[in-house]
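Read the structure below first, then the notes.
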Amino acid sequence: MIINIDKDICTGCRECAEVCPASAIEGEKGKPQEINYDKCVMCGQCIQKCKSYVSLIDHGVGVYEAKRAERNLPASVKEPLFAAYSNCNLDKVKAALADKDTITVVQCAPAVRVGIAEDFGGELGTVAARKMAAALRKIGFDRVYDTNFEADLTIMEEGTELIKRVTEGGTLPMFTSCCPAWVSYLERNYPELKEHLSTCKSPQQMGSIFKTYGAEIDQFDPAKMFVVSVMPCTCKEFECNREEMNSSGYQDVDVAITTRELAYLIKDMDIDFNALPDEDFDQPLGLYSGAGTIFGVTGGVMEAAIRTGYELITGKPIPAVDVSAVRGSDIFRTATLQVGDIELKVGIVTGLKNVAPVLEALKAGKLDLHFIEVMTCPVGCVSGGGQPKLLLDSERDAAYQARTKGTYAHDAELPIRKSHENPAIKKIYDEYLLEPNGEKSHHLLHTKYCTGENNFKK
Amino acid sequence: MNNNLSSFVVACNDQCTGCRACEVACFTVHNQKDNKVAHTVGTVEIPVTPRLYLTRLDESCLPVQCKQCEDAPCLNSCSAKAIARVDGVVYVNEDLCIGCKNCMMACPFGAMEMLPIAKKGQAVKQIGSDEIRKSAYKCDLCIGLEGGPACVSTCPHDVLKLVNLEEDGKEKKIKAAVALTLTGNL
């Protein structure tokens with residue numbers, strides 16, 4: 001299982017149940033808790049909250065080492081272990097890196113770059129995009145690509161899809177589909193609303209281009225490629241293993257590890273993260289815009305979509321690149337934006353437990369919006385279940401604010417801030433995909449919901 | 001009136017869930033300087049060594065820690081003179097502690113534990129062997145920490161309180177005196 005609670009260590013405090021957005025943690029107070037996997041959306045917020053650690057006094061000498069091995073963690077890990085944990089996939093990554101015949105490709109989600117430095121003693125929210133690129137290269141990945149590129153690709157596809165739905169009459173409102181925990185929640189609890197989800201795959205899964213376009217440009221044999229994602233999210237491992245995520249002809253993304261696991265790997269390889277030089281991601285699939293990087297914060301997908309959508313519809317530059325109307329941390333916020341002749345009504349939900357009232361309003365016909373962004377974690381992916389875990393809950397707000405600020409600062413410092421202006425995006429459409437929502441895109445970059453094992457019967 | 005009684009931290013309500021956030025916070029703030037512990041779990045390279053201890057009863061739980069006794073049995077019994085009273089706090093100098101455990105035997109509250117010492121993120125070894133040095137650990141009220149003891153500020157249910165009995169006593173006496181004036185018997 002992706003998310004676990006260790007019965008030997010859990011004190012039954014149920015603090016995790018307080019933060020679980022799916023009411024999936026069950027058990028009596030004071031007794032070890034159990035996860036109801038029919039409900040769990042694998043967001044990992046329980047892992048972030050849990051403080052019940054493996055204790056020398058209560059559990060004894062040697063238990064730490066035994067638990068570390070049981071959880072498949074590298075023996076170099078020295079940090080405290082807690083009752084709630086996610087399974088570790090580093091053995092698969094290390095095996096691929098060690099195999100000379102395997103071509104290893106890595107991609108990193110937007111939020112990882114404002115989190116990873118914290119696990120090396122950095123200040124909260126330190127932007128370490130280029131140090132991270134250097135670390136991944138030093139680890140030995142053959143191609144150091146970036147999910148931020150695919151975030152730009154997502155905007156091209158999702159923006160085009162939205163414009164089509166609004167102007168040609170499709171199912172509205174359209175929901176974002178970047179967050180796998182949110183998608184899983186909808187599939188389990190509101191399958192009747194599946195047509196409202198954008199058909200776009202998440203940025204991670206648009207990684208289907210690595211074993212197709214990426215293989216083509218480097219003349220790699222896709223059968224020998226192994227794609228690793230580094231994600232702030234525990235649910236991405238579930239997403240990459242969904243049975244339909246194989247449009248390249250292979251499993252599109254072979255394994256997803258968390259920001260914390262990347263820190264384990266860097267330490268395991270004796271790499272001094274803080275001493276690394278700044279390096280660039282590999283081209284072309286590592287080139288990204290500021291719009292791609294703000295996917296990591298609540299409202300970011302919306303803002304990125306507006307930056308591009310506005311210009312695609314009006315043909316004019318957007319008056320202000322910073323779309324402050326959609327920023328913030330309110331759990332459900334709405335805005336109306338004039339985009340050419342269209343009065344675009346948008347909504348943003350942050351924190352999965354806040355989505356049910358919105359879905360109920362939609363079912364009751366009381367929701368007048370075109371486009372809604374939903375993110376499961378408290379302030380978007382920067383607060384994801386796979387991000388560096390805070391020792392003190394009193395620092396939680398400061399950490400979320402710093403990571404959000406770092407994300408916007410990174411956006412502001414990038415030379416290109418709109419997805420459609422990313423030259424690598426123009427190039428992939430020119431020479432491979434041809435047009436957004438075109439035939440090739442539909443095959444590689446779009447998906448269907450509630451199919452196969454995700455067709456839950458209510 | 002000032003009798004200079006030491007303050008101490010105690011559990012003061014029955015809301016403790018047993019989450020251990022107090023223990024983790026205690027460990028964190030005591031290891032930021034010498035052991036490179038920063039904001040996140042990933043910066044920790046040593047075993048968690050708390051100075052208060054979650055204690056479970058049949059139907060409830062609560063953390064137990066030092067009362068900063070006025071005639072402290074741990075201090076009196078220390079064979080290495082490693083325990084002293086510093087600004088009202090009974091304090092263990094871990095560099096002097098020889099791990100004789102007299103203090104553990106003497107403490108009536110189980111507030112002393114014997115745990116490994118670490119410096120610069122590494123276990124400290126004994127001079128003559130590879131065995132890890134241990135020291136007595138106890139609550140030091142987070143001496144010098146802005147905002148007071150970390151366990152008190154961290155507890156999500158306000159279970160822990162820094163008690164100053166002299167001030168508490170004054171307040172109680174005033175309440176009692178007010179109540180007496182209302183009885184009409186004065």
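Each chain gets a letter, A, B and so on, in the order its sequence line appears, and its residues count up from 1. Quick caveat, the model's predicted, so the values are computed rather than measured.
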What residue in B/Thr154, B/Val48, B/Val41 has the most heavy-atom pairs under 4.5 Å with chain A? B/Val41
How far apart are the C-alpha atoms of A/Asp393 and A/Arg396, what are their side-chain angles, what is the distance that settles it, and do they pass the salt bridge (Lys or Arg N to Asp or Glu O under 4.0 Å) test? CA-CA 5 Å; A/Asp393 276 346; A/Arg396 196 167 294 283; 2.6 Å; yes
Measure A/Ser52 against the heavy atoms of chain B and call it side chain, backbone, both or neither at under 4.5 Å. both
Assess whether a salt bridge exists between A/Glu79 and A/Arg260, defined as any Lys/Arg side-chain N lying under 4.0 Å from an Asp/Glu carboxylate O. yes
How are the rings of A/Phe273 and A/Phe120 set to each other: parallel, tilted or perpendicular (split at 30° and 60°)? parallel
Chain B heavy atoms under 4.5 Å from A/Lys49: which part of the residue, side chain, backbone, both or neither? neither
Name the option with the most non-hydrogen atom pairs under 4.5 Å to chain B; the candidates are A/Ser394, A/Cys50, A/Ala398, A/Cys13. A/Cys13
What do the steps show when you test A/Asn87 against A/Asn4 for side-chain hydrogen bond (donor to acceptor under 3.5 Å, both in side chains), and what is the final call? CA-CA 8 Å; A/Asn87 70 330; A/Asn4 305 279; 5.6 Å; no
The interface call for B/Tyr53 against chain A, heavy-atom contacts under 4.5 Å, is side chain
Trace of the salt bridge (Lys or Arg N to Asp or Glu O under 4.0 Å) decision for B/Glu23 with A/Lys51: CA-CA 9 Å; B/Glu23 292 186 30; A/Lys51 299 287 187 302; over 6 Å; no
Before accepting this row, confirm whether a basic side-chain N of the pair B/Lys120/B/Asp34 lies closer than 4.0 Å to the acidic partner's carboxylate O. no
Proximity breakdown for B/Glu45 and chain A, heavy-atom pairs closer than 4.5 Å: both
Report which part of A/Glu118 has an atom under 4.5 Å of a heavy atom belonging to chain B: side chain, backbone, both, or neither. both
For A/Ile57, is it the side chain, the backbone, both or neither that has a heavy atom under 4.5 Å from a heavy atom of chain B? side chain
One option among A/Leu391, A/Val54, A/Thr11 has the most heavy-atom pairs under 4.5 Å with chain B, and it is A/Leu391
Proximal component of A/Phe82, with respect to chain B [non-hydrogen, under 4.5 Å]: side chain
Apply the side-chain hydrogen bond (donor to acceptor under 3.5 Å, both in side chains) test between B/Ser6 and each candidate in B/Gln68, B/Arg85, B/Lys67; give the one that qualifies. B/Arg85
